[in-house]
Number of protein chains: 2
Amino acid sequence: MKYDRALAIEKATQLFWKLGFQATKMRDLQEELDMRPGSIYAAFGNKEALFKICLLNYAEQSRLALDKYAGLNSNPIRAIYDFIKNMAVKAEEGKINNCFLVKSISELDGNNAHLRQYAQDGLKEVELGFEALFLEAQEKGLIKQESNPARLAKWMQIQVMGLRSYSNSQDNASDVGIMLDEIFNSLKQAHQPALSE
Amino acid sequence: MKYDRALAIEKATQLFWKLGFQATKMRDLQEELDMRPGSIYAAFGNKEALFKICLLNYAEQSRLALDKYAGLNSNPIRAIYDFIKNMAVKAEEGKINNCFLVKSISELDGNNAHLRQYAQDGLKEVELGFEALFLEAQEKGLIKQESNPARLAKWMQIQVMGLRSYSNSQDNASDVGIMLDEIFNSLKQAHQPALSE
DNA sequence: TTGTAGCTTGAACAAATGTTCAAATCTAGT
DNA sequence: ACTAGATTTGAACATTTGTTCAAGCTACAA
């Protein structure tokens, strides 16, 4: 039976995400993808190449998701909120807290600078997406003129990374949703024009 | 020649910190510690036991450092600031950005729940240290009565994790010091009593 | 000097792991 | 049904890796 490439990448991503690059063994992948070693190597090259494919795919999906929420909301701030709420703060059962890109960068410190770069690029893309939305918000009068969209995007990344990292570091990650709301409240507090509704 | 236990643990920690638990091979440790396998096993048990020792030692050092800064400063907020500035935001050459505990928790997701717990406990200890200092600050009138020390401690952890995670995810980690100052500014903005100096 | 207790050495081992490839199997066009 | 090309299979291989242990070494008391 011919394998489903998209599905295989999805499954491989989940495994790499959960276990990390090093801890994921080819035999784990063979079982998860229900493919024999030869097929995997024929389809993806080798372990590193498959990991790279997963990273790039995850980054692209993230970027597409952000664009999706931007399309669904006339309010750019709301779009960022929805994106983060749905992508990063979903506290579903057995869900992985950490961002796949951030976790990979952390693990590939020191070694595999080559793979690391793909994850860094993916994160930068999302940050640029945030920046564009903050700029749009500024043009719509939702954000102060003095505020700096690039700086806000950076700040937003820090907040999300902190939130996910923290919720990952405590088993009791109950009120992450509340904390996200607090982050957006402090954003409004500091950067919304005084006279705005 | 008899080995220096404290020095060996220090060196092992640096290696585990840089490479991670999985990527650090016993042969790397043998070279770094300049000890033969038998000696390492006689002194520390095995790889996992050595890693555990490094984790516990790092956590203890962190906690001691926080107490040190608390002793040096009459202002508890300043103590927290100095601690973070010196422990987490040192942008020295070849310095590791991520916290060893956070990085370990991230890597040990899924597997090695046993080791993971030690890192979680270490982080919790630091958080409790923050909480005590925020409480002290509140008693000294440096923080609003309505503010919640435990919540502030949590918030602080999130900010530091976010900052370190971000600076780790971008090669250009130049203005991390500035960002830390911004974090403390927003802390004062939101939680300092209005009439305070 | 000699004995001994404890530490160190490094060769060796068994298991794990990434990868290969010849043979088997499947697919589609005639 | 037949064949050529593509895909899949899984046993096998070369390394890598965590760990062991008998033999060697060192320091010190008698």
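Each chain gets a letter, A, B and so on, in the order its sequence line appears, and its residues count up from 1.
More than 12 heavy atoms of other residues, nucleotides or ligands lie within 6.0 Å of CD in A:Glu32, so this atom counts as buried by the packing criterion. Enclosure of atom CD in B:Glu31 is not indicated, since only 12 or fewer non-hydrogen atoms of other residues, nucleotides or ligands lie within 6.0 angstrom.
If you find the closest nucleotide of DNA chain C to A:Gly38 and to A:Thr24, the one lying nearer the 5' end belongs to A:Thr24.
In this structure, the CE atom of A:Met26 is 14 Å from the C1' atom of D:dG10, given to the nearest Å. At whole-Å resolution of the value, CD in A:Gln30 and P in C:dG18 are 9 Å apart. The distance between atom CG of A:Leu19 and atom C1' of C:dA16, rounded to the nearest whole Å, is 16 Å. Between the P atom of C:dA16 and the NZ atom of B:Lys25 lies a distance of 15 Å, rounded to the nearest Å. We find that CG of A:Asn46 is positioned 8 Å from P of C:dT20, with the value rounded to whole Å. As rounded to whole Å, 8 Å separates atom P of D:dG18 from atom CG of B:Asp28. Atom-to-atom, CG of B:Leu50 to C1' of D:dG18 comes out at 13 Å; the value is rounded to the nearest Å. Rounded to whole Å, atom P of C:dG18 lies 9 Å from atom CG of A:Leu29.
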Within the sub-3.5 Å range, which N or O atoms of nucleotides 13-15 of chain C have a protein N or O partner, and how far apart are they?
none

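At least one test fails for B:Lys11 against the ring of B:Phe16: distance under 6.0 Å to the centre or angle within 45° of the axis.
For A:Phe83 and A:Phe184, the gap between ring centers reaches or exceeds 6.0 Å.
Phosphate contact (OP1/OP2 of D:dT9, side-chain N/O of A:Ser39, threshold under 4.0 Å): present.
Between the side chains of A:Asn185 and A:Gln189, not a single donor N or O lies within less than 3.5 Å of an accepting N or O.
Under the side chain to side chain donor-acceptor pair (under 3.5 Å) test applied with A:Tyr81, the options A:Asn86, A:Asp181, A:Asn73, A:Asn75 reduce to a single match, A:Asp181.
Judged purely by atom type and a 3.5 angstrom limit, A:Ser165 has no side-chain atom pairing as donor or acceptor with the backbone of A:Gly162.
In this structure, the nucleotide among C:dT19, D:dT19, D:dG10 sitting nearest to the side chain of B:Pro37 is D:dT19.
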